[in-house]
Amino acid sequence: MPTVKGDGMRGLAVFISDIRNCKSKEAEIKRINKELANIRSKFKGDKTLDGYQKKKYVCKLLFIFLLGHDIDFGHMEAVNLLSSNKYTEKQIGYLFISVLVGASNELMKLVIQSIKNDLTSRNPIHINLALHCMANIGSREMADSVGSDIPKLLVSGDTIDSVKQSAGLTLLRLLRASPDMIPIGEWTSRIIHLLNDQHMGVVTSATSLIEALVRKNPEEYKGCVSLAVSRLSRIVTASYTDLQDYTYYFVPAPWLSVKLLRLLQNYPPPEDPSVRTRLTECLETILNKAQEPPKSKKVQHSNAKNAVLFEAINLIIHMDSDPNLLVRACNQLGQFLQHKETNLRYLALESMCLLATSEFSHEAVKKHQDTVITALKATLNIALKCLRPQTERDVSVRQRAVDLLYAMCDRSNAEEIVGEMLEYLESADYSIREEMVLKVAILAEKYAVDYTWYVDVILNLIRIAGDYVSEEVWYRVIQIVINRDDVQGYAAKTVFEALQAPACHENMVKVGGYILGEFGNLIAGDPRSSPLVQFQLLHSKYHLCSPNTRGLLLSTYIKFINLFPEIKPSIQEILGSDNNLRNPDVELQQRCIEYLQLSTVASPDVLATVLEEMPPFPERESSILAKLKKKKPTTVPEGGEAKEKEHRVIPQAQINSSETAAAPPPAVSSAISLGVSGGGGATVDLLGLETAPSAPSSSATSGLNFLLDVFSDQPATTNGFDSSVSNSGLTPGAEENYRKFICKHNGVLFENDLLQIGIKSEYRQNLARVGVFFGNKTTFQFTNFVSDLVLPGNLSTALSVQPKPVEPTVDGGAQVQQLFNIECTAEFTQAPLLNISFMYSGKLQRLCLKLPVIISKFLEAAEMNSEAFFTRWKALSQPEQECQKIFKAQYPQDTEQVKQKILGFGLSILLGIDPNPDNFVSSGILHTRNQQVGCLVRLEPNKQMQMYRLTIRSTKPSISQALGGLLETQF
Amino acid sequence: MMQFMLLFSRQGKLRLQKWFVAYQDRTKKKITRELITLVLARKPKMCSFLEWKDLKIVYKRYASLYFCCAIENDDNELLTLEIIHRYVELLDKYFGSVCELDIIFNFEKAYFMLDEFLLGGEVQETSKKNVLKAIAAQDLLQEESEEPKSFLEDFGFMVGSSGT
């Protein structure tokens, strides 16, 4: 047993040794259970334990907890230790609390009381114990009850340095727990001036606090800039002996320097010229030092020095104002790219990525932008090296190189970068292949001058890394080929050649099938790619493909019948083969029967119309970009255009207004389209394999009416797998829960054994922000989680909704949020419906709920005096402008509760207007984008009869009615 | 700000955990398992940083122990490596050539030391001298307040145990 430091609790050491000597997990658990039983009996026993014993047992519990076992007792004993007058007992008590007791524990009141006592101790070591505990578990409750004492400790001249240090960071923690407790006013300047404190430790801790304060309120704290600059200047010009113990491996105060450099990144470059010059000098000095020979060979020296250097470079990039500094920073990073230290290469790539994506907005930089960009571009070859497995062995560095090259790419170097990425894709790690594929696809599209190059790149992608080519990538190449007729012939020729490879990826078959089905005729003149050859080539792949792809190929075949009538018999033979007509896959069977029927029944003219070439896709943001954004939200640089169009990319939550949801696809021919969805259609089923192909309905041209017959016996799609939801109906309880939200904005909308759905909403005039929180109550993951908002009836014109996507998986115990930004354009009565579906342990679960977005939510309370009220009341005297309801009280007629409900509904409570003080008089303005409607309300309780009379007057009769209907249910 | 620091052995045993933000116990266990597997799988020459969720992981191995910190996106990776190093130096100075066993048997000291060095996930005191001075002052209070306990009393509770 090794020696134990300090007093040593021998019992504890023996116990730890015992555990270490256990030969098996079972033995360990047995030993632990024995110990737990022992401690429990000691704590419960009649004999009062002395402080030492309590401490020892609490410490053992702590150890058992740290081994990974749950501890459900001993908390009270630990809290008792806090009031011990022996330091070590107190200390162990605090440790137990910090490690094991959550801020929500019911013992927290007692803990806070002990903290309060210790804060007033004369012994600074006791004060620090209390501060450390707060800094470890600080909560809002603590902030409220003790928080106000901390700033005093921090700035008082009587406080010793070590307490000031702890107080600074404790305050920071409380600030995070309770963001509204920002000390301002007289505190501001005193806290800022801690940057001048003589004690470096105090400055170190205060700088973190100040940065947090600055982030909350930069204006209030902007005085810190000049102090931070002068402190930084004193450090970087200090010799390493000046700062004594704050020099770390010959680097003066690296931690403080980095904190100061970070603090300054919260502000634009200093306005005061002398401060600005001083800062520039600091940054230059730091860059100069990087070129000096190292003062020590130890890695600690170079790490600390470079840590400061990288932070300085971050600041230079942030200020973005001095081209000279930017070029020097860029050159420095270029040097690091070739450094033998892997860590430095990694960080250099990261910083260069930041540099490459920064906007170079400032005028001074604009003039010299070329210099900066040239410097950046000069590093291209080195950066390319970081991509190659031969030269760069660390995959995480190669990953960074991919990010940088992606950021650096422009028209001039796109071919080189894309070529290089393609070359190393094959040997790239599995972990980064998919992302590389996406990036290559995006760059190729973005910088393509010649679209034949683009087609080549994508086909190469499929050839090299077919498994990693997601659907978005091949959808996109098809969209582009269809929209650009200059590349269609080339595409047909190239896919035809690619398909001749003996083994080609299924994605290649999909692209090939689709393109030949549309444009095979463009290469049919060449006998080597005659119609029959094309067909036979495709069909040679048919049996190796998945049902999805086979379905696509069948559509290609029917298109071939139109393009090449001469091979119709061969195709009909395949469609009519036993294998296809009796295929166990219902979808394939159905397609074969229908296509065969179509090719037999329809005249060539009809065929030509139905099977016409696909119309161009509407121009949209690339769905690949959306996918990449989803994968790595932070690293995708967004152009203005992308931002503007962002709301169109709705991967998971789609808005279906019920009118458009049922609308037929835009062109008749796409009734049998090959099924490529446009744009960000990640939720649109690719081949319509899950739902039967949608038949053209009302908009079908008259000549094609027979199509309805052709398709009429298709099996109806059923969703009989659901027990709790009828096809159109709401989930039970949805209506009641929805009503609960009439007078409140936040609460639980739905709850069952699996899921809890909470609502948090904010309204401002005609705008709303509604957050829906989905909490998985089980320990298992929900998959395929989809939440769609449907706007029934005229709601799609009354509300404009921007949903944020929701993650498709919800982990056990986790909560995900879906946010809706809603604008009310006109009045409405119906509620938006939230359709939720997900898989839980293999079963599909569905819910349909009413989202509590109610017309009254857009009410804003209005104040007015009695004269104004009566004038308006009288002005609204048309009978239809008034809605009166007389109803029985459902709830106790408690004045306070009624008042709360009226306020929650969005109306004011006007006093001194009604002569009867029991009556409530209110007013509000209803905001829609198109108009504002004033509303006056009077509610008269009759306590004897337990009845109410409710009268509402507004300029719009329909609004009076709507509000009356809502309010009637609430009292 | 640092979110948490984990110390674990090459065998994947957790030796010390310090959380600067509140997580559920279940989440802590999940994170710990995930990160231990992730870090132990890395080859020796690889870079010491990795992206993990929206955090950055900085780790370094000292003898049989891995020190692993999770920091936020705008935190400085290189300096976090030196936070780890300074902590190792502090432990080393205090225990006199520290080894894994010292941390197992004196885990509470390792915590007290960490509280003097880092607080609320930020560096509080970088001077080795000042941190050790603070710990020494605590130890002094300890000696003053503790009556040495008799050996027997200490073992009293362990009736029937084979002991060491």
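Convention: sequence-line order gives letters A, B, ...; per-chain numbering from 1.
A:I125 and B:A137 get closest at one heavy-atom pair: CD1-CB, 3.6 Å. Between A:N343 and B:S48 the shortest heavy-atom distance is OD1-N, 2.7 Å. When all heavy atoms of B:C47 and A:T342 are compared, the pair lying nearest together is CB-CG2, 3.5 Å.
Looking at A:R400 and B:E51, a side-chain N of the basic residue comes within less than 4.0 Å of a carboxylate O on the acidic one, giving a salt bridge.
Panel note: side chain A:D245, backbone B:K128; a donor-acceptor pair is recorded below 3.5 Å.
A donor atom on one side chain and an acceptor atom on the other are found under 3.5 Å apart for A:Y249 and B:H85. Between the side chains of A:Q91 and B:Y111, no donor N or O sits under 3.5 Å from an acceptor N or O. Checked by atom type, the side-chain pair A:Y246/B:N130 shows a donor-acceptor distance below 3.5 Å. Judged purely by distance below 3.5 Å, without hydrogens or angles, the side chains of A:S166 and B:Q124 pair a donor atom with an acceptor atom.
B:L78 places a side-chain heavy atom less than 4.5 Å from the side chain of A:L344. A heavy-atom distance below 4.5 Å is not found between the side chains of A:S396 and B:L50. In this structure the side chain of A:M200 never reaches within 4.5 angstrom of the side chain of B:E125, judged on heavy atoms. Two residues are said to be in side-chain contact when any heavy atoms from C-beta on lie closer than 4.5 Å; B:M46 and A:Y346 fail this criterion. With contacts defined as side-chain heavy-atom distances shorter than 4.5 Å, the pair B:F105/A:L12 does not qualify. Side-chain contact between A:Q165 and B:L119: absent, with no pair of heavy atoms (C-beta onward) separated by less than 4.5 Å.
At a 4.5 Å heavy-atom cutoff, the contact between B:R42 and chain A is made by side-chain atoms alone. Contact of B:L81 with chain A is made through the side chain alone, with heavy-atom distances under 4.5 Å. Heavy atoms of B:E122 lying under 4.5 Å from chain A belong to its backbone as well as its side chain. In this structure, chain A has no heavy atom under 4.5 Å from any part of B:L16. Using a 4.5 Å cut-off between heavy atoms, B:F107 touches chain A through its side chain atoms alone.
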| request: With side-chain contact (heavy atoms from CB on, under 4.5 Å) as the test, would you mind laying out the steps for A:N136 and B:W19 before giving the verdict? | output: CA-CA 8 Å; A:N136 279 320; B:W19 303 84; over 6 Å; no
| message | Apply side-chain contact (heavy atoms from CB on, under 4.5 Å) to residues A:T88 and B:L141 and explain how you reach the verdict. | response | CA-CA 8 Å; A:T88 55; B:L141 271 182; over 6 Å; no
| When you look at B:K129 and A:Q244, which way does the side-chain contact (heavy atoms from CB on, under 4.5 Å) test go after all the steps? | CA-CA 10 Å; B:K129 239 185 260 168; A:Q244 296 164 350; 5.6 Å; no
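For the atom pair B:F112 CZ and A:L129 CG, the distance stands at 7.5 Å (nearest 0.5 Å). Taking CZ from A:F63 and CD from B:E108, the interatomic distance works out to 10.5 Å, rounded to the nearest 0.5 Å. In this structure, A:R262 CZ and B:N76 CG are separated by 8.5 Å, a value rounded to the nearest 0.5 Å. With rounding to the nearest 0.5 Å, the separation of CG in A:L95 from CG in B:D115 is 8.0 Å. Distance check, rounded to the nearest 0.5 Å: OG of A:S162 to CD of B:E116 gives 7.5 Å. Atoms CG and OG1, from A:L256 and B:T126 in turn, are 8.0 Å apart once rounded to the nearest 0.5 Å.
Of residues 22-30 of chain B, those residues with a non-hydrogen atom less than 4.5 Å from any non-hydrogen atom of chain A are, in numerical order, B:D25, B:R26, B:K28, B:K29, B:K30.
Chain A forms the most heavy-atom pairs under 4.5 Å with one residue out of B:T80, B:T32, B:D75, and that residue is B:D75. Note: A:S208 leads A:G68, A:A206, A:S208 in heavy-atom pairs under 4.5 Å with chain B. For chain A, the option among B:S127, B:G120, B:G121 with the highest count of heavy-atom pairs below 4.5 Å is B:S127. In terms of non-hydrogen atom pairs under 4.5 Å with chain A, the most contact-rich of B:I83, B:D74, B:V21, B:D54 is B:D74.
Checking each of A:L66, A:I19, A:I16 against B:I104 for a side chain to side chain contact (heavy atoms under 4.5 Å, CB included) leaves exactly one that passes, namely A:I16.
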